[in-house]
Participant: 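Starting off with a structure, shown below.
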Amino acid sequence: MRHSPPSRGSRMRSPRSRFPQSRSRSQSWRLQIARYLTLLEQVSSRASEELQAVVAIPSRLRLLVVWAVLVAAGLGLTLNLFALQILDGQRFQEQAAAQQQPPPRSLIPRRTIIDATGIPLAIDQPTFRLYAHPQLFTQPPAEIAAELGVLLNRSPAKLQQQFNTSATGIPLANWLPEPIANRIHRLRFDGLELIPYSRRFYPQDEMAAAVVGYVDFDGQGQAGLELAQADLLQPEVVWVGEDRAETGIIDRAAPAFARFQNQRLQLTLDHRLQKTAEAVLAQAMEESQAKQGTVIVMDAWDGSLLSLVSLPSYNPNEYYDASVDRFRNWPLSDLYEPGSTFKPINVAIALESGAIDPNDTFHDPGQIIVDGWPISNYDYAYAGGRGELTLTDILRDSSNVGMVRIIERMAARDYYDWLQRVELGEPTHIDLPFETPGYLKTRQEFLGSPVEAATTSFGQGFAITPIQLVRLYGSLANGGYLVTPHVVRGLTDTAGQIQQEPKRPQRVRIFSEDTVQAVVTMMEDAVETGTGQRAKIPGYRIGGKTGTAQKSLEDGSGYSSSAVVASFVAIFPLENPRYLVFVAVDEPVGGSGGQVAAPVSKLVIERMIGLYQIPPG
């Protein structure tokens, strides 16, 4: 290929002629970069100097602001903590307790009831209910029925019939003891369900049943202490941290568990005395063909009941087989006219009021007429009048006429005031259920006729319960105070130390010491030479009073000619009065208080002498 030669007018540059120009441009860029860097350093230097100037200048205001912010934040946290812990603490605790879900009440055992010596009267035992769910059976029903029939003592054929009644939830047995439940569990049959719960058990059977009461199938108390003291018998669930090492130090981070308060309800009753009283009363009732009976033994110093017997009784373990009337504690619920056993109380009232003197005498012709009504002694038909009688003679011979003469020394309104002062007819507030208040006529009715005061003087015309009479007699045995009869000592720990004691009304003085000392001394003659001689114990000083009170007819038209309540009250030892024994037998056949009740009292006192080491007087 031919190339044309360059024209003469054109200039040719060699390739090297371009490098000097490129070098010049590179240097220019370097200069510019250097200038920028210098400028940047100058700006940075100035900024640094300004920053140093700012930091170096102290600011007290800024310090106060920062401090105030920190203090305000701390106070806010403190107030929030106070609100959570104090103001809202109870609400959060309740929410936590609800979320923890304590065990069902059926699985929380009721507190054990023990007597004064620690003998259990009521305890909770683990038992089970057995249900069958045939739809879940994986074994032949005949095989399951055969195995269960042996353990339940039931016919396999009848069990199979039950299996056919429903597809699920068939109740097969209640109150299964733990050993039987364990054997059923080991059978490993699908479709059988064992549900645990606590069942109340009464180791002493019928003993003190009227006091202890019973718990029904649903775990609810229905009589006695089981009903009246339900709150004390149901322990509270306490949620605490778990102490796995048993070091006594609770690990707050560990899971919570439920702990039951390990306390027992201790009574004032002595099972040894209770058994004796029940046995001797049952024998007396059988011999006299009586309808019912009671024995009450009280420590008059504080109102503690050492024995409270109500017969006929029942077995609380089998309460469902007992008639409803057996659940009634009749010494607390049944009213009766106390008759002659009220005479010592009236003598005390007359002495305390100043109407009579301990050395006064009264004429007893055997029969008198008051406001048109004849009033006579129980033996007037064959004994006639007794003539002049001292107060001791009147109590010893149980003179109705003599008592009328004593109360005639008082104005009727004053006598009625005294009956109210000694709280005649008022409930005793004993710690057992179903106590019935007594009956006393209104002031207008009482003052309407002189015969009202006359009949009240020997224990008729009003009605009280045996426990109310015992309370009144307690004032004669403790120096003149009304105390509250009770059977609950309190909640005790396993060492027998009282942890919680019920609050009771304060005792109230109604008689002076001189008055009660005089009356109790008079009562001694009733045991030594009077109607209560069958209660006499050689070597021991006992004061007593018999009573054979007629029962009023249900229609209120008068008194029965045959039905009576035979009773006897004893106070001993007279050299230092403390104990009170009351015995009443309802509707004995042909027996009086001295014949039926006094011998029971004697046997009970003899048992007390041995138990409590009471020396002769």
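The chain is numbered in sequence order, starting from 1. Since the model is a prediction, treat every value here as computed from it, not as a measurement.
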Participant: Using atom types as modelled and distance alone, determine if a side-chain donor or acceptor of Asn478 lies under 3.5 Å from a backbone N or O of Tyr481.
Facilitator: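 Yes, the answer is positive, given that a donor and an acceptor are paired below the 3.5 Å cut-off.
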Participant: Test of understanding: with side-chain contact (heavy atoms from CB on, under 4.5 Å), list the residues that count as partners of Gln533, not counting sequence neighbours.
Facilitator: Lys536
Participant: Test your reading of the model: is there a side-chain donor-acceptor pair from Arg129 to the backbone of Pro171, 3.5 Å cut-off?
Facilitator: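 Checking the backbone N and O of Pro171 against the side chain of Arg129, no donor-acceptor pair under 3.5 Å is found.
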Participant: Quick one, Arg489 and Glu501 - any side-chain contact, counting heavy atoms below 4.5 Å?
Facilitator: no
Participant: Taking only residues two or more places apart in sequence or in another chain, which ones pass side-chain contact (heavy atoms from CB on, under 4.5 Å) with Pro505?
Facilitator: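 Here the qualifying residues are Thr484.
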Participant: What residues, two or more places apart in sequence or in another chain, satisfy salt bridge (Lys or Arg N to Asp or Glu O under 4.0 Å) together with Glu278?
Facilitator: none
Participant: Does Arg541 have any side-chain contact (heavy atoms from CB on, under 4.5 Å) partners at least two apart in sequence or in another chain, and if so, which?
Facilitator: Glu524, Leu574, Glu575
Participant: Can you confirm whether Asp586 sits close enough to Asp334 that some side-chain heavy atom of one is under 4.5 Å from a side-chain heavy atom of the other?
Facilitator: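 Sidechains of Asp334 and Asp586: no contact.
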Participant: Could you give all pairs that pass the side-chain hydrogen bond (donor to acceptor under 3.5 Å, both in side chains) test and reach residues 454-466, with sequence neighbours left out?
Facilitator: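 Found Thr465-Gln468.
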Participant: Tell me if a side-chain donor or acceptor on Asn400 pairs with a main-chain N or O of Ser376 at a distance below 3.5 Å.
Facilitator: yes
Participant: In Å and rounded to the nearest 0.5 Å, what is the NZ to CD distance from Lys441 to Glu452?
Facilitator: 3.0 Å
Participant: Using distance only, find each side-chain donor-acceptor pair of residues 420-427 under 3.5 Å and give its atom names and separation, not counting sequence neighbours.
Facilitator:
residue: Glu423; atom: OE1; partner: Arg471; partner atom: NH1; Å: 2.8
residue: Glu423; atom: OE1; partner: Arg471; partner atom: NH2; Å: 3.4

Participant: For a quick check under 3.5 Å, do Glu445 and Thr442 share a side-chain donor-acceptor pair by atom type?
Facilitator: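 Yes, side-chain donor-acceptor contact under 3.5 Å.
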Participant: Which residues satisfy the side-chain contact (heavy atoms from CB on, under 4.5 Å) test with Ser304, sequence neighbours excluded?
Facilitator: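 Expected list: Thr268, Asp299, Asp302, His486.
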Participant: If we ignore hydrogens and angles and just use 3.5 Å, is the side chain of Gln274 paired with the main-chain N or O of Leu308 as donor and acceptor?
Facilitator: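 Flag set: sc Gln274 to bb Leu308 pair under 3.5 Å.
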Participant: Tell me every residue that passes salt bridge (Lys or Arg N to Asp or Glu O under 4.0 Å) with Arg509, counting only those two or more places apart in sequence or in another chain.
Facilitator: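 So Arg509 forms no salt bridge (Lys or Arg N to Asp or Glu O under 4.0 Å) with any residue.
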Participant: For the backbone of Gly303 and the side chain of Arg504, can you confirm whether one donor and one acceptor N or O come within less than 3.5 Å of each other?
Facilitator: no
Participant: Do we see a donor-acceptor contact under 3.5 Å between the side chains of Ser399 and Asp397?
Facilitator: no
Participant: Any heavy-atom pair between the side chains of Pro331 and Ile296 that's under 4.5 Å?
Facilitator: yes
Participant: Are Arg328 and Phe434 close enough that some pair of their side-chain heavy atoms sits under 4.5 Å apart?
Facilitator: no
Participant: Under a 3.5 Å threshold, yes or no: a donor from one side chain and an acceptor from the other, between Ser313 and Glu206?
Facilitator: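 Note: Ser313 and Glu206 side chains miss the donor-acceptor criterion.
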Participant: Sequence neighbours excluded and cut-off under 3.5 Å, please list the side-chain donor-acceptor pairs for residues 542-549, or say none.
Facilitator:
residue: Lys545; atom: NZ; partner: Ser398; partner atom: OG; Å: 3.1
residue: Thr546; atom: OG1; partner: Thr531; partner atom: OG1; Å: 2.6
residue: Thr548; atom: OG1; partner: Gly593; partner atom: N; Å: 2.9

Participant: Starting at CG of Leu491, measure out to CG of Leu265 and round the result to the nearest 0.5 Å.
Facilitator: 6.0 Å
Participant: Can you pull the ring-ring contact (aromatic ring centres under 6.0 Å, His included) pairs that have at least one residue in residues 279-321, sequence neighbours excluded?
Facilitator: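 As it turns out, the ring-ring contact (aromatic ring centres under 6.0 Å, His included) pairs with a partner in residues 279-321, which skip direct neighbours, are Trp175-Tyr320, Tyr214-Tyr319, Tyr314-Phe327.
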Participant: Taking the side chain as C-beta and beyond, is there a heavy-atom pair between Pro235 and Gln263 under 4.5 Å?
Facilitator: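 No - every pair of side-chain heavy atoms lies 4.5 Å or more apart.
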Participant: Using the test side-chain hydrogen bond (donor to acceptor under 3.5 Å, both in side chains), find all partners of Gln283 that sit at least two apart in sequence or belong to another chain.
Facilitator: Glu287
Participant: Using distance only, find each side-chain donor-acceptor pair of residues 603-617 under 3.5 Å and give its atom names and separation, not counting sequence neighbours.
Facilitator:
residue: Arg607; atom: NE; partner: Thr276; partner atom: OG1; Å: 3.2
residue: Tyr612; atom: OH; partner: Asp270; partner atom: OD2; Å: 3.0
residue: Gln613; atom: NE2; partner: Gly610; partner atom: O; Å: 2.8

Participant: Mark yes or no for whether Asp115, through its side chain, and Thr117, through its backbone, hold a donor-acceptor pair below 3.5 Å.
Facilitator: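 Present.
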Participant: Can you name the closest pair of heavy atoms from Trp330 and Leu311 and give their distance?
Facilitator: NE1-O, 3.7 Å
Participant: Just how far is it from atom CD of Gln266 to atom CD of Gln499, taken to the nearest 0.5 Å?
Facilitator: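 If we round to the nearest 0.5 Å, Gln266:CD and Gln499:CD are 11.5 Å apart.
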Participant: Under 3.5 Å, is there a donor on one side chain and an acceptor on the other for Tyr415 and Asn346?
Facilitator: yes
Participant: For Asp525 and Arg396, indicate whether the former's side chain and the latter's backbone hold a donor-acceptor pair under 3.5 Å.
Facilitator: no
